[in-house]
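Have a look at the structure below, then the notes.
Chain A is the first sequence line, chain B the second, and so forth, proteins listed ahead of strands; every chain is numbered from 1. None of the values given here were measured: they were computed from a predicted structure.
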Amino acid sequence: MKSDAPPNVDLLSVTGLTASFHVKGRIIPVLHDVSFSLKAGETLALVGESGSGKSVTAQSIMRLMRDCSIGGRVELNGKDLLSLSRRDMARVRGREIAMIFQDPRMSLNPTLSIGVQISEVLQRHRGLSAAQARAEALRLLDAVRISGPSRRYDEHPHQLSGGMCQRVMIASAIAGEPRLLIADEATTALDVTVQAEILTLLRELQNETGMAMLVVTHDMGVVAEIANGAAVMRQGRIVEFADTQTLLTRPADPYTQDLLASVPKLGSMAGQAAPRYFPVAGKVPAATDCVVAGQDTILSVRDLNVRYRSRSSFLGISKGSNHAVRGVTFDLRSGETLALVGESGSGKSTIGRAILGLSPVTSGQVILAGQEMTSLRGEPLRQARRAAQMVFQDPAASLSPRQRIRDAISEPLRAWGETGDINAVVHDLLVQVGLEPEMADRLPHEFSGGQRQRICIARAMALRPSLIVADEAVSALDVSVKARICNLLLDIQRQTGVACLFISHDMAVVERLSDRVAVMRNGAILEIGSRRDVFESPQHAYTRALLAAVPNPVPRTSQASISRQ
Amino acid sequence: MSASAFNGVLGRVIRNRRILIATALLVIIACVALASKSLAPFDPLQQNLRFRLMPPGSLGADGRMFLLGTDQFGRDAFSRILVGARVPLIVSFSAALLGAAIGLLIGVIAGYFQGWIDSLIGLLIDAQLSIPFVLVGMMVVVLFGPSLHNIVLVFTLLSWPIFARIARDEARLAARQQFVEASLIGGGTTTWILLRHIIPAALPRVIVVAAIQLAYFVVSESAFGFFGLGVPPPEPTWGNILSDSRSYLFQAWWLGLFPGLAIALIAFAANLFASGLNEVVDPASTRGSTF
């Protein structure tokens, strides 16, 4: 489209980029001497864990940071962006560099139709008339593969799915015909099958327009799918900068090696029956196989149905209902891990909540440790619930910011009126989850995400439950942390024989941790069986699609399933 | 909350500079108000028509100085401000405390349980907030007569919906938090969760609003005084001093300025206290100014 730049000259060149935040009068450096370059038509990935500075780098290029001083040079086509005036920079944004973000719903205005939002960009950046802008917006919606663009033009963001919203964001990003598109974790919040579609779309658009892409991601799989080259970042520095092939097959930097080793790879468990520990860098676990499940059934779910009634706002008249869980039946034995996998809206979390009596059950039975739960209310429900505990996705949200972790961990004990040396119990639990007992008097915000999840696991174990429901318990964690928390869960399971209902969308983690797997879609279990059966010979087409969509950190040339030309 | 956590919060309260300054100010103001009868250089009720509307620093017949001047009856303005602090302080402290306590309880119950209880309480709050403040005050005072108790009662009755509404919002937010669910799964009963998670979550904003209301009550007391609904004269209160001063604003600016400054000082101290407390109770928050 715009190929006035000679193909072998760098489109974007970042040299010695530094950034420091100003926080309460202190200056905190976050980027140190970041340098890389990108040619037109190429894709570079900035990859790293949270806090590595990858997003700050992307935002510094766009000059979107507040209370932050930026140094070094950022050249786009030979023009130094850092020395431009605010006005000139505003012209660069959207016109020459466009950006898409993690949460498309947050980036779209809920009160305007999607067509209007795209037309607006066209009128502003390309000076089109209203009629021209409408025609061009329709063409763009078509370009991002939204079917029936003229029908969709007048729809509002809430009428579209998350994937569709991200397509709209991409349409409005390419509306200004940018030379460079920055995608900041643009597929992180999407389901795997949708992520695969968006990544394909981005590749195709790049072929059509010749734009360069800078992809910020924590996912090595995404790097393998889309990038020509990658810069691995850690603590504000680029530790390795290489082409994707080299990076994935022969990583030079020890940190990159660690990072790649921690990434759960789908298919790495082929031929294994029992769950296995993750090989955490530098440490080979003593026992690689985990416990074999016991014989007593801890949990039986029989023909479980959950319906949510959706009410219209007028007089609360029932408009119909949403069948969140349909006729789900399964058993779980002690020491066993059953994974519920599926995409968002598949009803997997609702099952977890229904088992603990947190979601009302429409029909069916939940028998936990011999006690039928669905008919219980009030105190009997509280008593029965004691056998099961839960670990949530977001450890920050599941710890009260006002509570010291000693109090958080001991809360279940105190709530049950346990007497005895509670401090000693807290001490033991902290040791068990791999934290220092001296940390007991700290507040949650003094811990990292992984440490907080350890605290949540300690709290869940305080009552010695026979079942743990882990609802996306490792999904929000960085890869290296994720591997360690998974190992901790396996450890605890081996020591205590607790059964685990592992709810996750992450196929690679599930493959590692579970004894049995249930694949869910639209509230129903499509397929349930031993992990080997489900992963090695999936019976259902949806299971196969789900497995195929998982981006694997293996160079693309060696991936047969990815060729979608 | 265990002893260690309490010590922690207490420790942070003591170390917080804003709370320290605000508490010092409020304690000084309270002490001065308590001891005002003996601290006042003149009898605040003693009229002397020869020395009407004297500016600050004027000397009286016996050579004693009217520090802040005199009013239209020749009464010492400084003494009247000192003694006049008692009524507004008692009224606003007790009303803010009572209103906050009642509002917190009702609001937290509405916000946590939701459903029909919430609808009912919400209706009550809206109904009461739609009735003009002064009108209700007038009715109560007309029915029961103007007295310290009745003023406190009126202010409490009129302020609980403000606290209840805030407590309700905070409780509603807190009830949705995952740590509340975690507590429920851990075996927490309703009372347990209310006491340990919901009320502590709602408390900071309620206290902040109580501090703001405190300042507002001090001013409202003067409004009531103006309508003759406050504590009846000759007892000086900042309210009736201020409303009297309005007639002499151009001849005797000092009559309005100094009680106004006194009210502002209390409002400042109360707000400073509120913002400091906000910082302490929510340790993870990074907001807060440089002070």
Side-chain angles (χ1 to χ4, degrees), chain A residues 23-25 352-353 355-358 378-379 381-418 422-423 426 440-446 455-456 459-463 465 468-469 471, chain B residues 1-13 17 113-116 119 170-171 173-205 207 277-291:
Chain A
V23 181
K24 288 187 177 172
R353 299 175 57 81
I355 288 166
L356 287 161
L358 297 173
E379 182 58 24
L381 176 62
R382 190 176 90 97
Q383 297 283 350
R385 192 150 55 199
R386 191 176 168 160
Q389 291 297 311
M390 195 158 179
V391 180
F392 298 93
Q393 173 167 6
D394 182 357
S398 50
L399 291 170
S400 167
R402 282 170 289 273
Q403 222 174 14
R404 273 159 211 289
I405 66 156
R406 176 195 306 286
D407 300 323
I409 293 174
S410 64
E411 185 175 328
L413 298 168
R414 288 178 291 122
W416 280 102
E418 299 270 323
I422 285 183
N423 283 342
V426 171
D441 286 315
R442 297 198 195 156
L443 286 161
H445 73 270
E446 299 172 66
I455 296 166
C456 292
R459 175 174 60 186
M461 292 310 296
L463 292 172
I468 290 241
V469 176
D471 189 358
Chain B
M1 203 180 276
S2 82
S4 68
F6 181 71
N7 284 337
V9 172
L10 205 68
R12 272 178 282 131
V13 167
R17 234 184 323 163
F113 290 102
Q114 297 176 21
W116 66 269
S119 306
E170 292 287 310
L173 274 179
R176 271 204 296 256
Q177 295 280 321
Q178 220 155 51
F179 60 79
V180 171
E181 207 155 66
S183 175
L184 182 73
I185 295 169
T189 57
T190 304
T191 326
W192 175 281
I193 290 171
L194 282 178
L195 286 177
R196 279 172 181 75
H197 294 293
I198 308 291
I199 290 180
L203 199 58
R205 273 196 65 201
I207 294 178
L277 204 68
N278 208 9
E279 216 176 49
V280 166
V281 183
D282 190 5
S285 90
T286 47
R287 67 197 136 125
S289 72
T290 44
F291 184 70

(request) Against chain B, label A:Leu399 side chain, backbone, both or neither, depending on which of its atoms sit under 4.5 Å from a heavy atom there. (result) backbone

(request) Can you tell which part of A:Ala396 gets under 4.5 Å to a heavy atom of chain B, answering side chain, backbone, both or neither? (result) neither

(message) Need one label for B:Ile193: side chain, backbone, both or neither, based on atoms under 4.5 Å from any heavy atom in chain A.
(response) neither

(message) Is B:Ala201 in contact with chain A via its backbone, its side chain, both, or neither, using a 4.5 Å heavy-atom distance?
(response) both

Output the option from [options] having the highest count of non-hydrogen pairs under 4.5 Å with chain B.
options: A:Arg385, A:Glu411, A:Arg459; result: A:Glu411
options: A:Leu463, A:Leu358, A:Leu356; result: A:Leu358
options: A:Pro412, A:Ala462, A:Ser398; result: A:Ser398

(request) Any chance you could measure B:Thr190, atom OG1, to A:Arg382, atom CZ, to the nearest 0.5 Å? (result)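 Going from the OG1 atom of B:Thr190 to the CZ atom of A:Arg382 covers 9.5 Å.
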
Closest approach of [X] and [Y], non-hydrogen atoms and distance?
X: B:Ile185; Y: A:Gln389; value: O-NE2, 3.1 Å
X: B:Gly186; Y: A:Ala415; value: O-CB, 4.2 Å
X: A:Ala397; Y: B:Gln178; value: O-CB, 3.5 Å

(request) For the residue pair A:Arg353 and B:Glu181, establish whether any side-chain heavy-atom pair is separated by less than 4.5 Å. (result) yes

(request) Would you mind listing every ring-ring contact (aromatic ring centres under 6.0 Å, His included) that reaches into residues 174-194 of chain B, with sequence neighbours excluded? (result)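 Counting only pairs at least two positions apart or across chains, the ring-ring contact (aromatic ring centres under 6.0 Å, His included) contacts touching residues 174-194 of chain B are B:Phe179-B:His197.
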
(request) Name all residues meeting the salt bridge (Lys or Arg N to Asp or Glu O under 4.0 Å) criterion together with A:Glu446; count only those two or more places apart in sequence or in a different chain, and write none if there are none. (result)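 None.
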
